Amino acid sequence: MRPARPDLAPRPGLSRDEMESLQRRVAETAVFADDLPFDSAAVSLASPETEHQTLAEATALDADADSPPLVAGIDQSFLDDRALSAVVVLRGGEVVERAHVVSDLELPYIPGLLSFREGGPILDALAELDCDPDLLVFDGSGRIHFRQAGLATHLGVVCDAPSIGVAKSLLCGTPDEDVDGRPEGWRTPIRADDSVDAVGGHPAGSETTIGYAFQSRQYDSRPVVNPLYVSPGHRLSAATTVDLVSRLSGSYKLPEPTRLADAYADEAKAQYED
DNA sequence: GCGACAG
DNA sequence: ATCTTGTCGC
């Protein structure tokens, strides 16, 4: 898939101030409301065959009118100063395409500036795809970010595609309720706090919900599982974002697109280890 | 100055 | 993110 807004793409060579101002522009461009070219209820892990479709229809790279949306999971693994960016695309419960690329990293990890370290490599991996995903699921935050422009928001805006951020820990914001030891399916809003900047069109008062803590999985008499922190990337409301992550969750803590991309990133990594 | 911080 | 053995249980 091709960047719709290459002018907003994260470039590693910028100064810290330039990176932060670019993030403010990204946040102003982002749409934190549902603007989907498909019905969110059509997103599921159900095998297309059980949804009355032939395997040929389900795996065709050209999306025909009523086939389930293409959902891409993106994750990375690392080798010294290189990143392996992996993408796995699902249609229903079936993997229809995978792609990966290895790139040199130009920046260290800096909280709040993750997209400038990993964004370029990820866009390169997305460019390798033959298909055009309807939804992008990133490993990291979207709107749950100091300037409301985390990795999922930044890349969602650059691609102008609906996107979601799924993080394993909270970058900023405050959960409405205590998140410890909650049952499967439980969720609570993450509200903007003093560390979250207001953005034109996107206020950040303490009443603003920027994401959700979501307990996707909980096992019996096993170490307590922490919740996921999901947030809208682009063209999605916080409520629909949790709903979609819930629909994409299988038997594991991470939603299936992310889990598969994670496994693929590790699998492909072995081929580049010296 | 102090604390907090996705991957 | 990554470095890593064993251990419990379905």
Side-chain angles (χ1 to χ4, degrees), chain A residues 10 12 16 19-20 23 26-27 30 73-87 100 102-123 125 136-156 163-175 179 190-197 210-214 216-234 238 241 245 250-255 257-259 261-270 272-274:
Chain A
R16 182 168 188 136
M19 292 185 203
E20 295 188 356
Q23 291 184 322
V26 166
I74 299 100
D75 192 32
Q76 296 176 304
S77 58
F78 299 85
L79 321 87
D80 296 315
D81 264 22
R82 291 177 298 168
L84 190 155
S85 307
V87 187
H100 75 267
V102 174
S103 358
D104 292 319
L105 290 168
E106 322 214 334
L107 290 177
Y109 162 67
I110 300 171
L113 299 178
L114 183 65
S115 64
F116 291 91
R117 169 180 166 83
E118 308 184 342
I122 289 173
L123 289 174
L136 270 19
V137 181
F138 293 98
D139 194 25
S141 287
R143 194 180 185 183
I144 294 180
H145 179 274
F146 311 121
R147 288 165 291 282
Q148 301 189 56
L151 179 72
T153 298
H154 201 150
L155 300 190
S163 63
I164 288 175
V166 177
K168 293 177 286 300
S169 58
L170 189 59
L171 175 61
C172 61
T174 309
V179 305
I190 298 298
R191 298 273 171 64
D193 58 21
D194 294 338
S195 71
V196 180
D197 292 352
I210 55 177
Y212 278 87
F214 173 57
S216 60
R217 204 72 231 255
Q218 199 58 273
Y219 309 95
D220 300 311
S221 45
R222 277 288 103 198
V224 228
V225 179
N226 297 313
L228 249 24
Y229 294 93
V230 308
S231 55
H234 182 43
T241 297
V245 171
S251 310
Y252 302 84
K253 170 175 177 172
L254 294 175
T258 302
R259 190 181 71 80
D262 187 79
Y264 179 44
D266 282 338
E267 172 194 327
K269 175 182 176 180
Y272 297 88
E273 284 174 326
D274 312 290

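We name chains A, B, ... by the order of the sequence lines, and we start the count at 1 in each one. FYI, side chains are in, hydrogens and waters are out, and symmetry mates aren't considered; it's all heavy atoms of this structure. Just so it is clear, the model here is predicted, and its values are computed rather than measured.
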How close or far is atom [atom2] of [N] from atom [atom1] of [X], stated in whole angstroms?
X      : N      : atom1 : atom2 : result
A/D80  : C/dT2  : CG    : C1'   : 11 Å
A/L84  : C/dA1  : CG    : P     : 14 Å
A/D81  : C/dA1  : CG    : C1'   : 13 Å
A/I74  : C/dA1  : CD1   : P     : 16 Å
A/Y219 : C/dC10 : OH    : C1'   : 12 Å

#### Entry: A/L170 side chain reached by A/I190 side chain, heavy atoms, under 4.5 Å
yes
### Task
Just do the side chain to side chain contact (heavy atoms under 4.5 Å, CB included) check on A/Q23 and A/S115 with the steps written out, would you?
CA-CA 10 Å; A/Q23 291 184 322; A/S115 64; 4.2 Å; yes
### Task
Let me have a per-nucleotide readout for nucleotides 1-7 of chain B, 5' to 3', with B, S or -, counting only protein heavy atoms under 4.0 Å.
----BBB
### Message
For A/L113 and A/L107: C-alpha separation, side-chain torsions, deciding distance, then whether side chain to side chain contact (heavy atoms under 4.5 Å, CB included) applies.
### Response
CA-CA 10 Å; A/L113 299 178; A/L107 290 177; over 6 Å; no
### Message
Heavy atoms only, 4.0 Å cut-off, all strands: where does A/S77 land among base, sugar-phosphate and nothing?
### Response
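A/S77: backbone/sugar contact only, no base atoms under 4.0 Å.
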### Query
Do A/Y212 and A/V245 pass the side chain to side chain contact (heavy atoms under 4.5 Å, CB included) test, and can you show the C-alpha distance, the side-chain angles, and the key distance before you say yes or no?
CA-CA 11 Å; A/Y212 278 87; A/V245 171; over 6 Å; no
### Message
Using only atom types and a distance under 3.5 Å, with no angle test, would you say the side chain of A/S216 pairs donor to acceptor with the backbone of A/L254?
### Response
no
### Message
I'd like to know if the side chain of A/Q148 reaches the main chain of A/V196, judged simply by a donor and an acceptor atom lying under 3.5 Å from each other, with no hydrogens or angles considered.
### Response
no
### Summary
Walking DNA chain C from its 5' end, the first of A/D262 and A/R222 to be reached, judged by nearest nucleotide, is A/D262
